[in-house]
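A short write-up of the structure that comes next.
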Amino acid sequence: MTQDAAHPLPHPLTGQPFPSPVPPGTGWPEDPAATDTPVAHDAAAVRDLAATAEDVDQLNAMASVCRACERLVQWREDVAETKRASFAGEPYWGRPVPSYGDPRARVAVIGLAPAANGGNRTGRMFTGDRAGDWIYAALHRAGFAEHETVSTAGDGQALHGVRMVAPVRCAPPANKPTPDEKAACGGWFDREIALLTELRGILALGGIAWQTVLAAAVRMGWEVPRPRPKFGHGVVVPLRTPDGRDVRLVGCYHVSQRNTFTGLLTEQMLDGALALAASAGT
């Protein structure tokens with residue numbers, strides 16, 4: 001038993017004590033899993049369990065307890081136990097971070113992976129770091145987010161018509177998942193995109209998100225231009241699903257601090273790319 005498991009800390013909103021990492025089904029806000037949610041221990045199990053999911057809520061529950069990638073499990077839990085000094089008095093989620101937003105979304109926002117002291121701490125995508133501040137503010141300006149700011153899971157935020165999905169759901173060391181880790185998590189990703197049956201636009205934040213979407217589209221039998229289009233901010237690619245839906249892929253520089261601090265990505269640029277994705281199919 002770790003020191004944190006022996007001495008739970010209060011959740012910053014509810015005050016309920018939790019160990020770090022948080023066991024499933026113990027009352028953490030927005031936790032989709034239960035104590036008996038099945039756990040994947042390798043990539044094959046990810047694919048098998050994902051195929052059984054009948055909706056995104058069921059998929060999220062299974063993904064949020066995944067232990068398929070040993071390196072990522074070790075890292076996310078080590079960070080949850082040691083913590084950043086500024087968050088030493090609160091528990092860390094320390095598990096795969098669920099997708100977030102409307103289960104009937106027309107627009108998907110694709111990132112990369114949770115931040116070690118952001119989503120890995122709060123239990124929600126793009127929550128608890130500056131990148132999240134940018135994307136939620138943009139979603140609020142566009143009318144998709146209930147609130148302009150976020151703090152942690154359970155803070156009252158809600159998304160309408162938009163869903164956030166990560167190619168890799170665990171915080172990786174140095175923000176760099178390996179090819180095998182991305183491939184393993186692809187089982188969750190592919191199934192979630194397939195379950196979003198009203199999807200019309202996809203905003204890919206960065207080159208890895210872009211490549212992930214195109215590779216997943218090919219695996220799922222979508223029509224994808226050849227050769228595969230290269231990532232660029234504002235680049236638009238038409239895709240078509242096997243059931244005849246047109247889906248617009250839009251590239252956008254990632255909302256990382258490096259990009260926003262240097263001006264490579266501005267609020268106007270982010271708003272413009274989001275508008276392109278949101279206008280698909282209208």
Side-chain angles (χ1 to χ4, degrees), residues 99 101 105-115 118 125-126 129-142 144-145 159 161-169 172 174-179 181-183 185-186 189-190 192-193 196 199-241 245-282:
S99 298
R106 290 179 58 85
V107 178
V109 176
I110 312 299
L112 171 56
M125 280 191 65
F126 281 119
D129 57 33
R130 289 185 178 274
D133 295 342
W134 267 69
I135 192 64
Y136 280 107
L139 291 171
H140 181 71
R141 289 192 297 270
F144 294 117
L159 298 182
V162 168
R163 190 165 184 86
M164 295 176 166
V165 185
V168 176
R169 302 191 181 214
N175 293 321
K176 293 181 179 180
T178 67
E181 290 162 353
K182 287 186 283 188
C185 218
F189 186 89
D190 291 7
E192 181 142 19
I193 296 300
L196 295 176
L199 190 64
R200 294 296 185 272
I202 300 176
L203 184 68
L205 298 176
I208 291 178
W210 178 269
Q211 295 162 11
T212 297
V213 171
L214 290 175
V218 170
R219 288 193 298 268
M220 293 188 292
W222 293 19
E223 292 180 18
V224 178
R226 296 184 179 180
R228 292 188 194 179
K230 294 182 178 180
F231 170 77
H233 184 85
V235 174
V236 176
V237 176
L239 307 172
R240 176 165 287 185
T241 67
R245 276 182 296 126
D246 291 320
V247 179
R248 178 186 295 169
L249 173 63
V250 179
C252 180
Y253 291 136
H254 195 279
V255 288
S256 66
Q257 290 190 53
R258 180 180 62 181
N259 289 346
T260 57
F261 281 0
T262 61
L264 181 65
L265 179 67
T266 66
E267 289 185 356
Q268 291 76 17
M269 292 169 65
L270 177 56
D271 290 349
L274 178 58
L276 279 174
S279 64
T282 59

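- Remark: E223 engages R240 in a side-chain contact (heavy atoms from CB on, under 4.5 Å) (not counting sequence neighbours).
- For the atom pair R200 CZ and S279 OG, the distance stands at 13.0 Å (nearest 0.5 Å).
- In terms of modelled atom types and a separation under 3.5 Å, the side chain of N259 and the main chain of L265 share no donor-acceptor contact.
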Atom pairs and distances, donor-acceptor, side-chain atoms in residues 201-209, under 3.5 Å, two or more places apart:
none

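- Here the straight-line distance linking atom CZ of R163 with atom CE of M125 works out to 9.5 Å at 0.5 Å rounding.
- Scanning for side-chain contact (heavy atoms from CB on, under 4.5 Å) contacts around D271 gives A138, R141, with sequence neighbours left out.
- The main-chain N or O of L199 is found under 3.5 Å from a side-chain atom of R245 such that the two form a donor-acceptor pair.
- For the residue pair C252 and L270, the shortest heavy atom distance occurs at SG-CD1, 3.7 Å.
- Scanning for side-chain contact (heavy atoms from CB on, under 4.5 Å) contacts around A131 gives F126, D129, V255, with sequence neighbours left out.
- Looking at F144 and V109, their side chains never come closer than 4.5 Å, going by heavy atoms from C-beta outward.
- For the pair P238 and D246, the minimum side-chain heavy-atom distance is 4.5 Å or more.
- Proximity of M164 to I135: side-chain heavy atoms (C-beta onward) are separated by under 4.5 Å at one or more points.
- Residues P167 and K182 fail the side-chain proximity criterion, which asks for heavy atoms closer than 4.5 Å.
- Here the closest heavy-atom approach between residue W134 and residue E267 is recorded as CZ3-N, 3.4 Å.
- Minimum interatomic distance between V218 and V224 (heavy atoms only, all atoms of both residues): CG2-CG2, 4.0 Å.
- Considering only heavy atoms from C-beta on, L159 comes within 4.5 Å of Y136 through its side chain.
- Looking at every heavy atom in both residues, E181 comes nearest to T178 through OE1-N, 2.8 Å.
- Evaluation of the side-chain contact (heavy atoms from CB on, under 4.5 Å) rule for P225 yields P229, V237, L239 as partners, not counting sequence neighbours.
- Contacts classified as side-chain hydrogen bond (donor to acceptor under 3.5 Å, both in side chains) and involving residues 201-221 (residues at least two apart or in different chains) are given here: D190-R219.
- Across all non-hydrogen atoms, the minimal contact from A280 to R106 is O-NH2, 3.4 Å.
- Here the shortest heavy-atom pairing between A277 and V107 reads O-CG2, 4.0 Å.
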